[in-house]
2 protein chains.
Amino acid sequence: MAYTELDIIRHPESYLPNIQVDNVILGYHDKELKVLLQQTVATKKWSITGGYVGRAESIEEAANRVASSRTGLENLFLQQFRSFGGVNRSEDPEKNAANMSKLTGVEVKKDLWIFDRFVSLAYYTLTDFSTVKIKKWSLDADCRWWPVNDLPPLMFDHQQIISEALKSLRMHIAFYPIGYELLSDKFTLPEIHALYETILGRTFDERNFQRKLLSSGIVTKLTETKRIGPHRAPFLYKFNKVQYDQALENGLVLIF
Amino acid sequence: MAYTELDIIRHPESYLPNIQVDNVILGYHDKELKVLLQQTVATKKWSITGGYVGRAESIEEAANRVASSRTGLENLFLQQFRSFGGVNRSEDPEKNAANMSKLTGVEVKKDLWIFDRFVSLAYYTLTDFSTVKIKKWSLDADCRWWPVNDLPPLMFDHQQIISEALKSLRMHIAFYPIGYELLSDKFTLPEIHALYETILGRTFDERNFQRKLLSSGIVTKLTETKRIGPHRAPFLYKFNKVQYDQALENGLVLIF
DNA sequence: TGAATAGTGTCTTTAAGACAGTATATC
DNA sequence: GATATACTGTCTTAAAGACACTATTCA
């Protein structure tokens, strides 16, 4: 079953009411951490990308579907981190309904289900923003990456949702390895070093970092090097998939 | 606004549909870790205690209200840890409706909203089970504490929800101190030692445990002792509230 | 040979882990 | 003085942290 954009107006019965999934899609590349935001035509406000849950799909399937429809990437590693359900999470239905009617050419009433109060199931994911082809939706005025440290004013409690996502990511990082979904199959030490520095927002001594990473057993140093530019070629490393998956399953303590 | 038990039949419009809060209420006392479960009259199945979200309350308020109505305790420290939203979380509405009608004397139809598919917002909390006066609901056949390592067969995915709650608790313990809500104002080292051992399911050398706990700065040793029985009186300790709250806010690493 | 970046090793300090005998309260 | 429980200290081992010079590639 496909869920298309106008279904939310034409077929409300296909969805669970009052529930949405919101994805904090974080993008990393070259020492920059960004978040994908959408700007709704109706309100002109920026918000996290999100969508609704079809009656025929699990919340995880919904989160994946919504995230894919934005990024074009399948099988993102979505991590649920919290739900937000304050009572004031709804805004100006009348204006929004009028705007939507104009945009879609379909009559939208102000008591349409999507203008009711919603509980948001929040997920985050981490991807390489340089590989993503953003797909703007027809009801979006804009959809683009913003640096996590320099965000525009956001709708409702979305600023808080992003903060919490980052907090969760930083906490997860201590228990579960990251990088598999983000780095190429083979990567250099400076690459993974920069990744950890950027996400955790601090610096690490390169020698101590390497020692710790190798002693965890989740990466293996290869004998190959990667030729990049007029300087010494860095060695390549790869994740030790078995240990990596085991760490994802059982947790490991890897506090940098 | 009060939400009473029969409201769910008589005033469906007071609630958000398809959403429930489920509380994994963990109880600790004297080296035992238990969980509070309810047995519904209609199905005879055991399940986590839970309830619905009123339109006039936030999901946190709902979780608190529901938890208080079971334990009589206000201001439990509820921690949201995950949401569960598979498609098969609904069961035999016809039978359940018939059972409920018989029990309440109110006509209950099989398409009543509570028999639809639900997304469960799961919380856990930790309390001292010896201080709790359980309040059985009229639709419960039973409601009591079960040892976490010896549970009865549970409804749907509730076994998994409890496992995840324990996993979250054990992960949280590494980042945030626990015990404030659980131990008396002043407590002994053996008491907090046993608490950590029970929750984490392993033993800790008492000397090393003390060293680590004190060096974290969240507890202070007092000069008073507590007279308990025909043997040496243990010293009392208290939490250093300022450091404790700061640790709750910013996290601390306290891996035992 | 200069510019740019990567690589590597040692010492010091701190924390973790293992381990057992002494002290106190009550009957 | 017997019983029950609490208290405490040291040594060893492992991990963290601080620190700077050498190596390679290419233009």
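Here is the naming used below: chain letters follow the sequence lines, and residue numbers restart at 1 for every chain.
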Rounded to the nearest Å, what distance is computed from the [atom1] atom of residue [X] to the [atom2] atom of nucleotide [N]?
X	N	atom1	atom2	value
Leu189(B)	dT8(D)	CG	P	9 Å
Phe209(B)	dG9(D)	CZ	P	18 Å
Phe204(A)	dA16(D)	CZ	P	12 Å
Leu236(B)	dC7(D)	CG	C1'	14 Å
Asn208(A)	dA14(D)	CG	P	18 Å
Glu191(B)	dA6(D)	CD	C1'	12 Å

DNA chain C contacts made by residues 221-231 of chain A, counting heavy atoms under 4.0 Å: Lys221(A), Pro230(A), His231(A)

Going 5' to 3' along DNA chain C, which nucleotides are the first and last within contact of chain A (any atom under 4.0 Å from a heavy atom)? dA3(C) to dT10(C)

Where Phe81(B) and Ser168(B) come nearest, the two heavy atoms and their spacing: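 So the two residues come closest at CB-OG, 3.5 Å.
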
Mind listing the closest non-hydrogen atom pair of Val119(A) and Gly85(A) along with its distance?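 Where Val119(A) meets Gly85(A) most closely, the heavy atoms are CG2-CA, 4.3 Å.
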
Is it the case that over 12 heavy atoms from other parts of the model lie below 6.0 angstrom from the NZ atom of Lys45(B)?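 No, not enclosed.
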
Indicate yes or no: does [X] engage [Y] in a salt bridge with an N to O separation below 4.0 Å.
X	Y	value
Arg82(A)	Glu60(B)	yes
Glu191(A)	Lys226(A)	yes
Arg202(B)	Glu197(B)	no

If each of Thr188(A) and Arg211(A) is mapped to the nucleotide of DNA chain C with the nearest heavy atom, which maps nearer the 5' terminus, i.e. the 5' end? Thr188(A)

Please compare Phe256(B) and Asp205(A) by the position of their nearest nucleotide in DNA chain C and report the one closer to 5'.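 Comparing both residues, the 5'-ward one is Asp205(A).
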
Proximal nucleotide (of dA23(D), dT8(D), dT5(D)) relative to the Arg232(B) side chain: dT5(D)

Side-chain heavy-atom pair Arg170(A), Leu166(A) within 4.5 angstrom cut-off: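 In contact.
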
Quick one: do Arg70(B) and Asp140(B) satisfy salt bridge (charged side-chain N to carboxylate O under 4.0 Å, His left out)? Show the steps, please. CA-CA 11 Å; Arg70(B) 289 287 179 185; Asp140(B) 287 347; 2.3 Å; yes

Give Gln210(B) one of three labels, base, sugar-phosphate or nothing, depending on what nucleic acid heavy atoms sit under 4.0 Å from its own.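 Contact class for Gln210(B): sugar-phosphate only.
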
Donor-acceptor side-chain pairing of Glu249(A) and Tyr176(A) below 3.5 angstrom: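 Their side chains do not contain a donor-acceptor pair, so the 3.5 Å distance test is not met.
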
